[in-house]
Colleague: 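First the structure, then my questions, so here it is.
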Amino acid sequence: MAGGGGKSFLAEAGYGEQELDANSALMELDKGLRSGKLGEQCEAVVRFPRLFQKYPFPILINSAFLKLADVFRVGNNFLRLCVLKVTQQSEKHLEKILNVDEFVKRVFSVIHSNDPVARAITLRMLGSMASIIPERKNAHHSIRQSLDSHDNVEVEAAIFAAANFSAQSKDFAAGICNKISEMIQGLATPVDLKLKLIPILQHMHHDASLASSSRQLLQQLVTSYPSTKMVIVTLHTFTLLAASSLVDIPKQVQLLLRYLKNDPRKAVKRLAIQDLKLLANKTPHTWTRENIQALCESALHTPYDSLKLGMLSVLSTLSGTIAIKQYFSSAPGTAATTAKAFDLVKLAQECCYHNNRGIAAHGVRILTNISASCQEKDLLPLEQDAVFGLESLLVLCSQDGSPGAQATLKITLTCMVKLVKSRPHLSQSVVESLLTQLHSAQDAARILMCHCLAAIAMQLPILADGMLGDLMDLYKVIGRSATDKKQELLVSLATVIFVSSQKALSSEIKTVIKQQLENASNGWTAYRIARQASRMGNHDMARELYQSLLTQVASEHFYFWLNSLKEFSHAEQCLTGLQEDNYSSALSCIAEALKSYHKGIASLTAASTPLNPLSFQCGFVKLRIDLLQAFSQLICTCNSLKTSPPPAIATTIAMTSGNDLQRCGRISNQMKLSMEEFRNLAARYGDLYQSSFDADSATLRNVELQQQSCLLISHAIEALILDPESANFQEYTSNGTAHVESEYERRMMSVFNRVLEEVESLNRKYAPVSYLHTACLCSAVIALLKVPLSFQRYFFQKLQSTSIKLALSPSPRNPAEPIAVQNNQQLALKVEGVVQHGSKPGLFRKIQSVCLNVSSVLQSKSGQDYKIPIDNMSNEMEQRVEPHNDYFSTQFLLNFVILGTHNITVESSVIDSNGIVWKTGPKTTIFVKSLEDPYSQQVRLQQQQGQSSSQQQQQRTAYSRF
């Protein structure tokens with residue numbers, strides 16, 4: 001019986017296949033809590049974090065935590081420990097507890113237990129809840145008392161609680177500081193307890209005087225207790241306190257450097273290096289030239305490789321920041337300092353060829369960062385040193401398959417890309433050394449080197465053609481084993497080949513790639529290569545690969561997805577056959593492409609599922625279809641100048657109507673419609689951009705380029721035909737191609753610039769509309785279509801996932817049922833929301849705040865229509881709230897003066913850390929029925945009765961005359 005009950009509890013609680021709503025899941029867990037068996041109670045307790053993750057709204061979390069507090073109050077110590085672990089795991093949900101007093105009261109009652117372990121668990125529980133009860137005096141008092149306990153477990157728990165409360169409460173930190181210092185300095189306190197008490201002082205940063213007194217105490221401790229453990233703990237606490245209070249960081253850097261130089265113990269030196277690294281990452285701008293000089297001298301003189309590696313790690317971190325420019329900037333009258341300033345360079349040159357790989361990598365990184373950021377002439381020889389150092393490390397690490405060698409190789413290749421980006425004239429030798437090493441390297445190293453080559457070829461396409469021969473030779477000789485590394489290498493090499501062959505793949509390259517795929521690859525590798533081909537604009541290759549994969553997938557959704565990709569690739573392939581001056585063939589090419597796109601969008605819609613609706617992909621493709629149709633329509637409109645030229649009386653009509661455009665005939669109206677169509681498409685591309693919060697920057701740039709091409713054509717129509725006199729070319733001029741990151745963008749920008757130049761020259765020379773104008777527009781369309789479309793990463797893969805879940809209260813039991821409100825009262829609408837993330841939150845951008853927009857629309861009036869004051873008739877409100885621990889809530893006061901049914905819409909959008917608004921949704925709707933309040937209804941009825949009785953009275957008096 002009991003076994004059957006246990007089974008049903010697990011199956012029904014929503015952790016099997018069954019999905020329950022929040023209340024049912026909570027009731028099932030509650031059943032487990034009230035079970036007589038300890039095992040089932042514990043199991044129910046540890047299931048709560050998953051429940052919170054699934055239903056993260058306050059109403060459920062409040063109920064659940066109150067149930068857990070009851071278990072904590074009456075259960076044994078093991079159950080209390082389970083509740084403590086659940087509380088610590090669910091720390092970000094604590095602020096959603098509505099009845100904090102009741103929750104604390106139930107937990108706090110255990111502090112009066114005679115069992116020191118129960119008291120210790122309670123103290124840890126209170127410490128874990130410090131964020132929601134920072135100023136509870138009874139908790140402060142209990143922690144203070146327990147610090148004097150004779151039980152070690154209780155004292156350690158009190159130290160944990162004291163540290164947590166000190167971090168949250170200024171009052172508690174100020175009050176406990178003297179107590180902590182007495183205990184640390186007291187002779188009765190054991191050393192191991194002192195070591196646990198000292199870290200509490202890192203939280204004493206709430207005001208300057210508190211931080212200053214804590215620093216003085218730590219200074220005394222460092223000198224009074226010179227043992228290794230005490231010095232290490234004290235120095236680290238010193239660093240964390242300085243990092244939080246900020247004002248003492250320069251002093252702390254000097255102190256750590258002093259210990260690094262003078263203290264003979266390696267453990268202390270290692271701790272000093274670790275803390276210097278922390279401060280170098282946090283505040284590199286506070287490091288002076290003297291600090292860096294002292295660190296360089298220590299690194300030059302130390303005989304230990306492990307310490308030298310640590311110091312170089314700090315210096316390489318600093319070399320990538322503003323600190324390096326401060327180091328090399330020579331102030332007037334400091335000749336001695338500037339002469340010694342090259343100690344850093346001397347150190348880096350010494351270390352470049354060190355037998356320890358890590359030291360060599362940091363040495364090379366320092367040289368690369370100096371070469372990239374300091375452009376002074378006397379540092380120019382460093383470029384060659386950096387290149388030679390990088391090449392020697394490349395040779396060393398590419399032959400070694402160990403994880404350490406791979407990590408060093410990653411640093412080396414990152415430095416290569418950075419050096420080539422800042423000093424393009426070094427790129428030839430870097431690329432040559434990479435290609436030479438590719439043949440003899442290990443497979444793992446080859447993959448990383450291919451990524452590096454692709455990054456360099458993206459930045460400097462002029463180098464790409466030279467790579468192709470070597471890459472093809474290597475592709476032919478790759479072994480035929482099906483190991484993961486080989487498959488990865490096939491993809492990486494194919495990517496570099498696609499980047500290198502910028503225009504189009506030759507038939508020879510296609511044959512080699514396909515042969516290798518047939519011999520040594522699985523379907524997933526072929527799909528990844530096809531994906532890269534779509535991204536680089538090699539659509540013929542992609543189409544063939546998608547076609548070959550159609551029969552190798554297990555579900556119909558995957559089949560339809562691959563089929564849609566095949567059709568899109570075929571459509572884009574049709575557009576590569578466009579010719580500059582042949583407009584009729586252009587129309588047939590676009591018609592063929594549209595045919596494939598329509599087949600593809602049908603297949604794409606079939607591939608979508610409720611869990612994966614493919615909304616970005618569908619939106620992007622629909623816009624592409626509409627754009628192609630608009631281009632086709634524009635070419636037809638331009639041709640109409642030949643098929644139906646303006647009539648002979650067009651000039652007379654233009655003079656009579658006062659509209660100069662009428663002399664061009666019907667083409668002027670068609671061009672106006674075409675321009676509006678392109679502007680509308682640009683607005684829709686803008687909406688797609690705003691709704692793609694999780695997209696990577698390359699995908700967003702791609703959408704932006706599509707939008708710019710629409711704006712360019714609409715501007716060209718306006719400048720050439722509709723309004724040539726007021727055309728402004730200044731705002732459309734390109735800012736140069738300094739930040740161009742892909743070949744697709746580079747080609748699109750060159751087309752934009754060429755079209756603008758042609759439009760500007762025509763605009764000045766000829767009056768509209770001549771065949772030159774229409775030819776210019778047609779050639780602009782063909783030039784844009786000849787650039788192969790790039791399907792970027794977000795089309796295939798979502799690396800970041802962010803969604804918002806909204807809950808409105810009051811909310812009706814049935815969604816179609818309206819909430820009743822009297823028209824003389826206001827409705828307080830509470831909006832709560834939870835931000836949900838995927839596996840990599842904040843990879844591309846983070847949510848700074850959430851913008852909530854509430855609007856109401858009158859759907860239907862009630863039968864009677866009376867005069868009602870028209871102020872406050874509509875509701876249109878907006879609020880911005882900052883989520884805390886991924887939760888936010890706010891309230892709106894809404895008026896419903898007009899009787900009838902109102903439709904309330906709550907829409908959320910997101911503002912990122914750069915202040916950009918993203919229309920992520922969701923949109924939630926509820927209905928409200930506005931009813932007349934009883935008093936007004938009574939008064940109105942009385943007035944109506946009074947009016948009807950007076951009318952009857954008037955009729956009687958009229959009859960009585962006769």
Side-chain angles (χ1 to χ4, degrees), residues 482 484 486-488 490-495 497-498 504-505 509-576 592-625 628 688 692 694-696 698-699 702 744 788-799 801:
D484 288 346
K486 285 280 186 234
Q487 302 296 314
E488 186 74 33
L490 282 170
V491 177
S492 305
L493 260 177
T495 307
I497 290 167
F498 293 149
L505 291 177
I509 295 175
K510 280 193 222 168
T511 314
V512 170
I513 291 177
K514 278 192 284 190
Q515 276 176 354
Q516 272 292 11
L517 288 179
E518 284 164 14
N519 294 335
S521 81
N522 53 32
W524 178 240
T525 305
Y527 173 70
R528 288 176 67 194
I529 290 176
R531 202 168 66 180
Q532 290 292 8
S534 294
R535 193 171 153 203
M536 301 300 170
N538 295 310
H539 297 292
D540 53 341
M541 179 84 203
R543 186 181 66 80
E544 290 173 26
L545 290 174
Y546 291 135
Q547 178 72 53
S548 68
L549 289 168
L550 277 175
T551 53
Q552 296 183 34
V553 285
S555 80
E556 63 176 14
H557 291 296
F558 293 152
Y559 171 82
F560 285 126
W561 167 247
L562 285 172
N563 192 49
S564 67
L565 292 176
K566 184 202 79 175
E567 293 294 349
F568 300 151
S569 299
H570 181 249
E572 289 300 325
Q573 184 57 29
C574 293
L575 296 174
T576 54
E592 190 65 31
L594 280 168
K595 192 169 139 190
S596 288
Y597 259 121
H598 281 298
K599 283 184 194 169
I601 192 76
S603 199
L604 187 65
T605 311
S608 61
T609 62
L611 287 176
N612 188 17
L614 302 176
S615 48
F616 173 80
Q617 290 86 338
C618 290
F620 186 79
V621 170
K622 281 174 186 169
L623 277 168
R624 181 67 175 169
I625 290 170
L628 289 176
L688 182 68
S692 308
D694 292 321
D696 56 290
T699 304
N702 195 349
Y744 175 70
L789 181 68
S790 169
F791 289 96
Q792 288 292 342
R793 184 194 287 275
Y794 192 59
F795 196 86
F796 301 96
Q797 194 180 19
K798 200 173 185 178
L799 292 184
S801 173

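The structure displayed is predicted, hence computed values, not measured ones.
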Colleague: Could you list the residues that satisfy salt bridge (charged side-chain N to carboxylate O under 4.0 Å, His left out) with Glu572, not counting sequence neighbours?
Modeller: Arg624

Colleague: Whether the side chain of Ser692 engages the backbone of Ala695 through a donor-acceptor N/O pair (distance < 3.5 Å, no angle test) should be reported.
Modeller: no

Colleague: Can you give me the closest heavy-atom contact between Val621 and Leu604, atom names plus distance?
Modeller: CG2-CD2, 4.3 Å

Colleague: If you count heavy atoms of other groups shown closer than 6.0 angstrom to CZ of Phe796, is the number above 12?
Modeller: yes

Colleague: Salt bridge (Lys or Arg N to Asp or Glu O under 4.0 Å): which pairs involve residues 535-547, sequence neighbours left out?
Modeller: Lys510-Asp540, Lys514-Glu544

Colleague: Which class fits the ring pair Phe795 and Phe568: parallel under 30°, tilted 30 to 60°, perpendicular over 60°?
Modeller: perpendicular

Colleague: Minimum heavy-atom separation for Ala533 to Ala542, with atom names?
Modeller: CB-CB, 3.9 Å

Colleague: With no hydrogens and no angle check, do the side chains of Thr609 and Asn612 hold a donor and an acceptor under 3.5 Å apart?
Modeller: no

Colleague: Please report the shortest heavy-atom distance between Leu562 and Leu549, naming the atom on each side.
Modeller: CD1-O, 3.8 Å

Colleague: Between the main-chain N or O of Thr699 and the side-chain N or O of Asp696, is there a donor-acceptor pair closer than 3.5 Å?
Modeller: yes

Colleague: Do Phe558 and Trp561 make the cut of ring centroids closer than 6.0 angstrom?
Modeller: no

Colleague: Would you say the side chains of Tyr546 and Ser534 form a donor-acceptor pair under 3.5 Å?
Modeller: yes

Colleague: Does Gln532 reach the main-chain N or O of Arg528 with its side chain, forming a donor-acceptor pair under 3.5 Å?
Modeller: no

Colleague: To check you understand the geometry: which heavy-atom pair defines the closest contact between Ile601 and Cys618, and what is its length?
Modeller: CD1-O, 4.0 Å

